[in-house]
Amino acid sequence: MSQAREEVIQACAEESCCNGSFSEHLPEHFGENVFSLKVMKEMLSPKAYVSIEKTIKEGGKLDASIADEVAEAMKKWAIAKGATHYTHWFQPMTGVTAEKHDSFIDWDNDGGIVLSFSGKNLIQGEPDASSFPSGGLRATFEARGYTGWDPTSPAFIKEGPEATTLCIPTFYIGYHGEALDKKTPLLRSMVALSKQVCRLAALFGIDVKGKRAYCTLGPEQEYFLIDKAHYEARLDLIETGRTLFGLRPAKHQQQEDHYFGAIKPRIMGFMEDLDRALWALGIPSKTRHNEVAPAQYEMAPIYEDLNSAVDHNMIVMELMRQIADKHGLVCLLHEKPFAGVNGSGKHNNWSVVGPDGKNWLYPGKTPHENAKFLAMLCAVIQAVDSYADLLRVTVATAGNDHRLGANEAPPAIVSIFLGAQLTDIIEQIEKGGAKSSKEGGSIHVGVDALPSLAKDTTDRNRTSPFAFTGAKFEFRAVGSNQNPSAANMVLNTIVAEALSDICDQLEADKKAGKNFNDSLQKVLQAIIKKHKRVLYNGDGYIDEWQKEAKKRGLPNMKTTPEALETIKAKKNIAVLVKHGVLSEKEVNSRYEINVHAYNTVVSLEGSCAATIARTQLIPAALEFQAQLSSVKSVAQKKLLKTVSGLIDKSLVACDALEASLAKHDSAKTVAGMLKLRESIDALEALVPANIWPMPSYAEMLLMNA
């Protein structure tokens with residue numbers, strides 16, 4: 001747990017002890033269900049506490065000699081909170097979390113039962129690995145997989161109906177050490193980035209001995225809430241998480257009255273319960289509000305260290321589903337559950353804290369601070385331009401294909417938004433050294449006094465996939481249902497590579513006796529000249545940008561299959577291998593897993609669409625057609641002809657869809673679903689509501705109060 005996160009917990013704990021209504025709704029102690037450093041300090045010996053604290057805060061190697069003491073303390077703490085079982089909680093490449101529960105009971109020497117939990121139990125577990133996706137990393141018959149304790153992410157209590165479970169965050173590897181999960185590569189990428197940031201820090205004269213750099217993350221989570229009865233009446237929502245059919249209602253989001261509007265009492269009840277559950281787990285839920293589409297909402301946390309933030313986001317999504325159910329609601333986390341209205345994303349707010357404990361993406365008020373900021377800024381520019389295709393891969397899913405490029409999400413073209421002031425400074429550096437700023441004063445990297453650069457130097461650009469939003473970059477293309485680890489793993493790695501290039505040049509210049517500030521100025525100037533093509537402050541939705549991006553040579557992979565092929569590019573494999581994040585075998589496994597996942601989702605959706613059309617919707621239309629069979633007037637006969645024609649089109653489209661499914665042709669299946677939906681949705685506009693067998697968009701989106 002980072003020092004910053006400990007401070008947040010402490011501040012909230014103190015606030016909760018104050019008099020007033022606020023304290024009545026917060027847990028007595030923020031993080032009460034977390035085995036935090038504070039708890040460990042109270043329960044461990046001074047020697048064990050100092051050792052585990054160093055491991056957590058500095059990322060050092062765990063001292064195995066203290067494992068039994070930590071395990072015993074963790075067991076006592078968990079049992080006092082009602083725990084009967086423990087689980088090694090991990091994140092396999094399914095994209096969700098996994099857990100196998102073991103009770104604390106064991107035989108004593110007299111045939112009775114004792115409660116035991118050893119250091120060995122804590123450090124390592126062995127769930128069966130044969131049924132998890134591995135992408136060829138292991139044969140099906142090879143079942144052995146290992147979970148290993150991640151002490152940098154605190155254990156926590158999960159509440160059940162009658163008891164609780166101790167959850168221990170772990171990484172997950174195969175028999176030969178291959179990464180079978182999302183956490184292991186993320187942790188490796190954090191080490192790689194820390195190494196390069198510390199290299200650069202040393203060149204700035206910062207003491208890096210025994211210190212590390214780390215990332216922070218604040219993942220905003222968008223979601224929909226609909227009535228449980230409506231959900232249960234929709235086979236498409238149950239099986240796929242999105243509506244495969246549905247006519248957009250007359251009223252949806254066009255009046256722009258839902259965004260930040262008054263929160264309905266039933267929804268507020270859900271949000272209040274969610275906040276209480278999250279706070280108890282030490283998850284700093286900060287903001288809640290209505291989003292753009294009706295029935296759409298958002299939760300935004302305070303930023304945390306990256307590893308904890310990713311773990312917490314996975315917990316957030318699980319709790320959203322569970323708590324919604326208690327309120328007779330269903331939480332939809334699909335990127336596009338409803339066509340024609342806004343979909344949901346997970347805005348990935350990422351920043352870097354150096355070994356000096358300061359945010360290196362905060363512009364600062366002095367030449368020294370600005371020099372660090374500009375160096376980090378240029379590293380990000382180089383990284384995103386050089387590996388835009390790899391970054392695009394991290395958000396490539398069947399669900400996100402429905403969202404990217406629509407009117408509420410950034411396009412598939414990965415570009416960077418800096419805003420007017422930073423763009424002006426970047427342009428001046430390109431010309432040989434910035435001398436002024438739009439805010440006044442003078443600017444020269446590391447030498448002259450610089451103007452104060454406010455955190456928010458410009459307006460936000462919601463059409464940009466990668467925007468500087470004041471002391472951080474916001475990667476807006478991550479899908480709401482995704483584990484954010486992949487995006488951050490790649491982001492860490494490619495920025496580490498850019499920093500490595502910068503340090504190589506600066507170290508060579510230093511060895512040659514060159515002035516550091518002059519060398520840094522030239523390095524940053526070269527980066528800007530080479531990579532400025534990725535900078536774009538305009539509207540990402542307009543057709544002109546599509547043409548301009550193509551002219552600049554920026555990749556534009558609109559579908560997941562297109563994007564996934566770039567995983568195999570030599571440069572992409574090389575950068576991941578170089579920094580020890582993934583081996584070539586592990587990279588190839590991710591390609592196989594993602595391709596299989598995409599094809600599986602498309603096949604499942606196609607089969608579901610065909611089933612619903614044949615067994616529910618076309619029969620409803622036929623029933624209406626039968627009612628019209630005896631009509632006499634011209635207008636009625638015209639309606640009958642229209643309905644009959646749409647039924648015929650639906651049957652033909654259904655045949656074509658089923659043919660593409662039989663051939664396992666994902667592209668034709670996607671096209672076939674769209675074709676079938678056209679005629680079915682047209683029928684919904686004509687068939688009486690009492691005959692149509694599924695809840696309408698209007699009911700689902702507007703009737704969740």
Side-chain angles (χ1 to χ4, degrees), residues 186 189-190 193-194 196-197 200 213-220 300-306 309-310 313 345-354 358-364 369-370 372-388 390-392 394-395 409-411 413-423 425-426 453-479 482 484-499 502 524 527-528 531-537 540 554:
L186 179 68
S189 74
M190 291 163 61
L193 182 60
S194 177
Q196 299 307 324
V197 173
L200 184 57
Y214 64 94
C215 301
T216 62
L217 178 68
E220 303 167 24
I302 302 172
Y303 69 88
E304 302 179 87
D305 59 282
L306 175 58
V310 170
N313 183 251
K346 193 195 307 280
H347 299 174
N348 195 88
N349 294 286
W350 174 92
S351 194
V352 179
V353 177
K358 296 180 179 180
N359 181 357
W360 280 32
L361 281 175
Y362 172 59
E369 299 298 330
N370 274 276
K372 290 191 306 179
F373 165 71
L374 290 172
M376 182 59 68
L377 180 68
C378 287
V380 172
I381 291 171
Q382 175 178 321
V384 174
D385 183 42
S386 301
Y387 297 97
L390 190 56
L391 203 55
R392 169 69 178 91
T394 67
V395 297
I413 304 166
V414 179
S415 63
I416 297 176
F417 169 81
L418 293 182
Q421 186 188 27
L422 288 183
T423 299
I425 291 172
I426 289 294
L453 301 180
K455 285 186 178 180
D456 299 319
T457 58
T458 185
D459 198 0
R460 296 176 66 187
N461 186 336
R462 63 191 298 272
T463 72
S464 175
F466 203 88
F468 183 77
T469 55
K472 58 184 172 59
F473 274 99
E474 182 182 36
F475 187 28
R476 300 183 70 253
V478 181
Q482 287 189 269
S485 59
N488 289 285
M489 177 265 290
V490 165
L491 187 54
N492 291 347
T493 306
I494 62 179
V495 172
E497 173 67 3
L499 289 170
I502 291 171
L524 301 189
I527 289 174
I528 293 166
H531 299 287
K532 64 180 180 180
R533 66 174 186 167
V534 78
L535 303 178
Y536 177 65
N537 288 342
L554 299 179

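Position 1 is the first residue of the sequence; numbering continues from there.
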Quiz prompt | Partner set under ring-ring contact (aromatic ring centres under 6.0 Å, His included) for Tyr387, not counting sequence neighbours | solution = none

Quiz prompt | Leu306 and its side-chain contact (heavy atoms from CB on, under 4.5 Å) partner, picked from Leu193, Val352, Asn488 | solution = Asn488

Heavy-atom check, side chain of [X] versus side chain of [Y], under 4.5 Å:
X: Phe473; Y: Ile416; value: yes
X: Cys378; Y: Ile528; value: yes
X: Val534; Y: Ile381; value: yes
X: Leu391; Y: Phe466; value: yes
X: Val353; Y: Val197; value: no
X: Leu361; Y: Lys472; value: no
X: Val490; Y: Phe475; value: no

How long is the gap from [atom1] on [X] to [atom2] on [Y], to the nearest 0.5 Å?
X: Cys215; Y: Trp360; atom1: SG; atom2: CH2; answer: 12.5 Å
X: Asn349; Y: Tyr303; atom1: CG; atom2: OH; answer: 12.0 Å
X: Asn370; Y: Lys372; atom1: CG; atom2: NZ; answer: 10.5 Å
X: Phe417; Y: Tyr536; atom1: CZ; atom2: OH; answer: 11.0 Å
X: Gln382; Y: Glu497; atom1: CD; atom2: CD; answer: 8.0 Å

Any residue meeting side-chain hydrogen bond (donor to acceptor under 3.5 Å, both in side chains) with [X], in chain and number order, not counting sequence neighbours:
X: Thr423; result: Asn537
X: Ser189; result: Asn492
X: Ser485; result: Asn483
X: Asp385; result: His531, Arg533

Provide the closest heavy-atom pair for [X] versus [Y] in the form atom of the first, atom of the second, distance.
X: Ala379; Y: Ile502; answer: CB-CD1, 4.0 Å
X: Ser464; Y: Ser415; answer: OG-O, 3.7 Å
X: Ala496; Y: Gln196; answer: O-CG, 3.3 Å
X: Pro301; Y: Pro219; answer: CD-O, 3.3 Å

Look only at the side chain of [X] and the backbone of [Y], and say whether a donor-acceptor pair between them is shorter than 3.5 Å.
X: Asn359; Y: Ala471; value: yes
X: Thr493; Y: Met489; value: yes
X: Gln482; Y: Thr394; value: yes

Practice problem: For Ala383, enumerate each residue passing the side-chain contact (heavy atoms from CB on, under 4.5 Å) test, keeping only those at least two apart in sequence or located in another chain. | Solution: Ile494, Val495, Ala498

Exercise. Begin with the C-alpha distance, continue with both residues' side-chain angles, and end with the deciding distance and a verdict on side-chain contact (heavy atoms from CB on, under 4.5 Å) for Leu554 and Val414.
Key: CA-CA 8 Å; Leu554 299 179; Val414 179; over 6 Å; no

